Amino acid sequence: MTDQRFNPLAADARWQARWEQDATFVADDASAKPKSYILEMFPYPSGRIHIGHVRNYTMGDVLARYKRMTGHEVLHPMGWDAFGMPAENAAMEKGVHPGGWTRDNIATMRAQLKKLGFAIDWTRELATCESDYYGHEQALFLDLLEAGLVYRKESAVNWDPVDMTVLANEQVIDGKGWRSGAPVEKRKLSQWFLKITDFADELLDGLGDLDKWPDKVRLMQENWIGKSEGLTFRFAVAGSSGTVEVFSTRPDTIFGASFVAVAADHPLAQRIAADNADAAAFVARCKQGGTTAAEVETQEKLGFDTGLKAIHPLDANIALPIYIANFVLMDYGSGAVMGVPAHDQRDLDFARKYGLDVRQVVTPDDSADAVFEGDTAFTGEGRIVNSGFLDGMDVTAAGAAVTARATSENWGEATTTWRLRDWGVSRQRYWGTPIPIIHCATCGPVGVPKDQLPVVLPEDVDFKTPGNPLDRHPSWSQVDCPKCGGAARRETDTLDTFVDSSWYFLRFASQPKDRPFDPEIVRQWLPVDQYIGGVEHAILHLLYARFWTRALARIGMIDVKEPFAGLFTQGMVTHETYKAGDGSWLSPNEVKRDGADWTRIIDGTPVTPGRVEKMSKSKKNTIDPLPIVDQYGADAVRWFMLSDSPPERDLPWSEAGIEGAWRFVQRLWRLIGSVGKGGGETDKPLAQKLHRTIAGVGDDISALAFNKAVAKLYELANAIEKAKPSATRDDAIDGLVRLVAPMVPHLAEEAWAQMGRANNEDRGLIADAAWPVADPALLVDDEATIAIQVMGKLRDTMTLPKGMAKDEIEAAAMAREKIVAYVGDSVPKKVIVVPDRLVNIVL
RNA sequence: GCGGGCGUGGCGGAAUGGUAGACGCAGCGGACUUAAAAUCCGUUUUCCAACUGGAAGUGCGGGUUCAAGUCCCGCCGCCCGCACCA
């Protein structure tokens with residue numbers, strides 16, 4: 001009845017054209033069905049689709065198709081995160097325009113995605129680099145500005161003194177600019193910030209409701225927001241009227257303080273540096289190096305003794321040296337800390353280095369030496385010692401006592417501090433959304449009136465000189481002030497691309513021309529039911545999108561607070577690496593395998609296979625999925641993406657794996673071709689297998705456990721192959737086709753048509769067919785295999801009817817020949833019986 | 001440095017605290033074939049015994065439990081994030 005072999009090249013094109021022609025996957029805003037919004041993180045148009053994309057979109061696609069078959073109206077859109085630095089780098093390196101480069105890449109990648117047969121509603125495609133997207137973003141920015149959620153302040157950037165340009169963190173390598181090689185400096189610029197800290201509490205509390213998010217992501221966000229309760233208090237500075245304010249989460253250790261440290265850009269440090277050359281040199285040295293936390297925290301801890309003394313608020317006889325230190329961050333707390341070396345590792349390292357006192361004030365036992373030995377700080381619970389009125393209290397009580405005293409004596413107060421900082425969105429770059437602000441000498445910064453939006457990026461820019469082309473553009477920035485009409489200047493910074501990705505899921509739901517979205521339609525689709533992307537976005541993108549959504553909710557534009565009800569973080573695709581004799585990396589298509597050995601194809605020289613690693617251009621272990629799609633068809637590639645590795649873990653790409661998938665696709669095809677040979681016979685074991693598979697595969701797909709669904713489908717296929725022709729077998733094949741349809745949709749459509757089902761249901765497509773329903777009666781087993789252990793070791797198994805009483809099971813176990821041999825004459829001390837599972841005899 | 005995760009055969013992995021290794025890949029043996037491809041059948045944790053069996057075994061070291069891959073404590077290794085990569 002069917003062709004001998006499944007021909008994916010013909011089938012893929014045929015069904016893709018059919019789906020497009022029928023508008024099969026176009027989401028209907030007016031549908032009465034329950035909605036399901038499935039979204040994968042949209043790609044950056046880097047040039048070509050890579051395997052990671054294929055894996056990501058295949059997962060979402062299976063879920064989207066499964067939801068369709070289970071009666072949902074599915075929204076599964078696709079777009080392009082199209083602004084960003086790679087386009088500008090391409091412009092500088094290849095002399096192409098960022099816009100042209102980006103749009104060409106989009107065209108290529110769209111065509112590539114279409115070849116994979118994804119069930120995407122392409123009518124909603126968007127690209128963030130087009131003014132019909134970013135213009136609305138500018139309007140939203142102005143709304144937030146009006147609501148008081150946007151402000152301007154100074155903030156440090158990485159400055160390359162040779163290229164005279166701002167560098168991104170990834171452009172700073174070992175503290176040097178990636179192009180110039182010059183040591184990078186921190187430089188302060190006036191920049192725009194969004195008040196995400198206003199939402200810190202909400203964003204933290206909201207995590208509690210996100211029960212379909214991985215715990216690890218919620219935990220990471222919780223730690224990132226970093227709520228900490230403590231005491232803000234002031235030290236008087238000896239010999240002056242000034243004070244230094246510090247924040248500490250451990251006020252109980254206040255008598256253990258042996259120094260105070262301030263950040264290099266703390267006002268006190270600045271003041272001292274103004275008339276102390278050594279201090280100025282130290283402050284300048286702290287400005288060297290990059291701005292990242294990792295860099296700051298791995299630097300050698302350095303301090304500069306200012307000579308000033310801080311008076312201990314609880315004992316005026318204690319004077320603590322005040323240091324300027326490179327590990328204290330101006331952005332956190334008050335930019336100054338008290339150092340308690342005995343109970344904080346970083347403080348201890350610092351004290352040892354500079355020969356400062358180390359006073360122990362918390363003890364886990366009764367030892368109460370005033371002097372702390374050793375190089376490991378004690379940070380645990382214990383009793384307070386050497387601390388005057390606090391002695392004998394536990395850590396919590398002592399903290400409360402100090403806070404109460406500070407409050408009553410007015411030198412400090414209980415404070416909640418957050419690690420989360422406001423979101424700096426200014427970027428000194430061209431290829432991004434222009435910030436819709438006009439700077440006027442008399443009126444200050446003024447928002448561009450909404451009727452003048454979008455502020456469109458000029459196309460005529462040059463990239464021959466480094467720095468921001470918008471800033472250098474001869475006329476673009478010259479405008480009149482919207483308020484006073486006087487000569488003014490446009491803001492030439494653009495928005496962080498994370499802003500673009502903070503609301504694209506709203507625009508997918510609804511895209512009117514005259515406003516960012518229609519709130520009514522957004523209400524229907526949002527929240528996204530299942531969002532899928534890499535863990536690398538666990539914090540920034542996901543937190544910013546949560547914030548942006550809440551900000552829009554606060555100003556009354558939408559009523560959803562959490563954009564993503566369900567989240568799944570998928571693993572990377574990895575590949576073995578290969579090294580030539582000279583140590584250079586080789587790509588997989590430059591090498592071949594001879595038995596256990598690997599050789600280089602061009603000259604037959606030996607090759608050393610290396611570790612399986614994340615695909616990267618530098619190690620040349622990348623695989624281009626498109627030639628593989630052309631060779632094996634979309635279904636084999638999709639099947640391989642789903643089999644074996646759990647989706648949250650890394651997937652090692654292998655030639656053998658794709659060939660295995662190809663063989664399975666062909667095997668399925670032959671199996672389906674054998675349908676219709678049965679008469680009226682039934683085959684109960686096969687029916688049970690089918691219905692268990694139906695139940696299991698549905699559960700597995702819902703949980704995104706695709707590898708488990710695949711394993712169950714293999715088992716069903718094996719069982720059908722072994723079964724004799726029967727009506728049950730034909731039913732099982734029908735079921736199998738429906739069950740594999742979300743994963744190998746082209747083959748399933750082809751089979752559906754060949755099986756003559758095309759005219760029976762809906763529009764004749766399996767994409768619209770119903771997901772089978774498991775018969776509960778066939779899911780239960782009437783027998784159980786029971787393990788028999790003696791002293792916890794498996795010695796025998798027996799098969800008994802399900803639901804037998806414990807004592808009957810025990811008696812049956814004790815009567816087994818093997819068990820009698822093990823137990824002998826001894827009387828068991830105890831026998832544990834888990835009905836239908838196991839018996840454990842303890843001697 | 002800080003935060004988070006992961007670690008099970010040759011490989012990818014499966015396993016509500018209850019029979020570790022389902023399912024797949026690769027390998028090995030066989031059938032079919034003039035031959036090959038394709039396909040099909042069997043086999044495959046390690047060690048000892050070589051028949052039926054026994055012992056060890058889930059990164060390392062401890063612990064809880066009748067029972068631990070799973071729970072607890074301490075390590076090691078690798079991966080992700082650290083606010084201007086997306």
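Below, read A as the first sequence line, B as the second, and so on, with proteins coming before strands; counting in each chain starts at 1. A quick note: this is a predicted structure, and the numbers were derived from the prediction, not measured.
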Which nucleotide in the set [options] lies at the smallest distance from any side-chain heavy atom of [X]?
| X | options | result |
| --- | --- | --- |
| M572(A) | C40(B), C85(B), C79(B) | C79(B) |
| I539(A) | G81(B), G13(B), C66(B) | G81(B) |
| K708(A) | A86(B), A15(B), C6(B) | A15(B) |
| A787(A) | U19(B), A86(B), C23(B) | U19(B) |
| K216(A) | G1(B), C66(B), G5(B) | G5(B) |
| R670(A) | C40(B), G18(B), A22(B) | C40(B) |
| R837(A) | G7(B), C2(B), U16(B) | U16(B) |
| R649(A) | A83(B), A86(B), G13(B) | G13(B) |
| A711(A) | C2(B), C40(B), C23(B) | C23(B) |
| K818(A) | A83(B), G53(B), G18(B) | G53(B) |

Less than 4.0 angstrom between a side-chain N/O of [X] and OP1 or OP2 of [N], yes or no?
| X | N | answer |
| --- | --- | --- |
| R795(A) | A55(B) | yes |
| N718(A) | G24(B) | yes |
| N707(A) | C23(B) | no |
| N169(A) | A83(B) | yes |
| T497(A) | A86(B) | yes |
| K712(A) | A22(B) | no |
| Y714(A) | C25(B) | no |

Both V166(A) and R667(A) contact RNA chain B. Taking the nearest nucleotide for each, which residue is further toward the 5' end?
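It is R667(A), whose closest nucleotide lies nearer the 5' terminus.
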
Between E170(A) and S654(A), just flag the one whose closest nucleotide in RNA chain B comes earlier from the 5' side.
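On the 5' side of the pair lies S654(A).
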
Taking 4.0 angstrom as the limit, do [X] and [Y] come out as a salt bridge?
| X | Y | result |
| --- | --- | --- |
| D496(A) | R427(A) | yes |
| R218(A) | D215(A) | yes |
| D163(A) | R179(A) | no |
| K216(A) | E648(A) | no |

Sticking with atom [atom1], work out how far [N] lies from [M], rounded to a whole angstrom.
| N | M | atom1 | value |
| --- | --- | --- | --- |
| A22(B) | A14(B) | P | 13 Å |
| U70(B) | G63(B) | P | 14 Å |
| A15(B) | U45(B) | C1' | 16 Å |
| G10(B) | U43(B) | C1' | 15 Å |
| G62(B) | U39(B) | P | 49 Å |
| C48(B) | A67(B) | C1' | 26 Å |

Please report, rounded to the nearest Å, how far the P atom of C66(B) is from the CE atom of M791(A).
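Result: 11 Å.
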
Atom CG of D81(A) and atom P of C85(B): how far apart are they, to the nearest Å?
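Spelled out: CG on D81(A) to P on C85(B) is 13 Å.
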
Is it true that the side chains of D796(A) and Y822(A) contain a donor and an acceptor less than 3.5 Å apart?
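Their side chains do not contain a donor-acceptor pair, so the 3.5 Å distance test is not met.
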
Can you tell me if K301(A) uses its side chain to pair, donor with acceptor, with the backbone of E297(A) under 3.5 Å?
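Side chain of K301(A) to backbone of E297(A), a donor-acceptor pair under 3.5 Å: yes, one is there.
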
Using a cut-off of 4.0 Å on non-hydrogen atoms, how would the nucleic acid contact of E295(A) be classed: base, sugar-phosphate, or nothing?
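Since no nucleic acid heavy atom lies under 4.0 Å of E295(A), the category is nothing.
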
Mind checking if V834(A) touches a base, just sugar-phosphate, or nothing, with heavy atoms under 4.0 Å?
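Base contact.
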
Hey, does the side-chain of D644(A) have a donor or acceptor N/O within less than 3.5 Å of a partner on the base of G12(B)?
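For D644(A), whose side chain was compared with the base of G12(B), there is a donor-acceptor pair (under 3.5 Å).
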
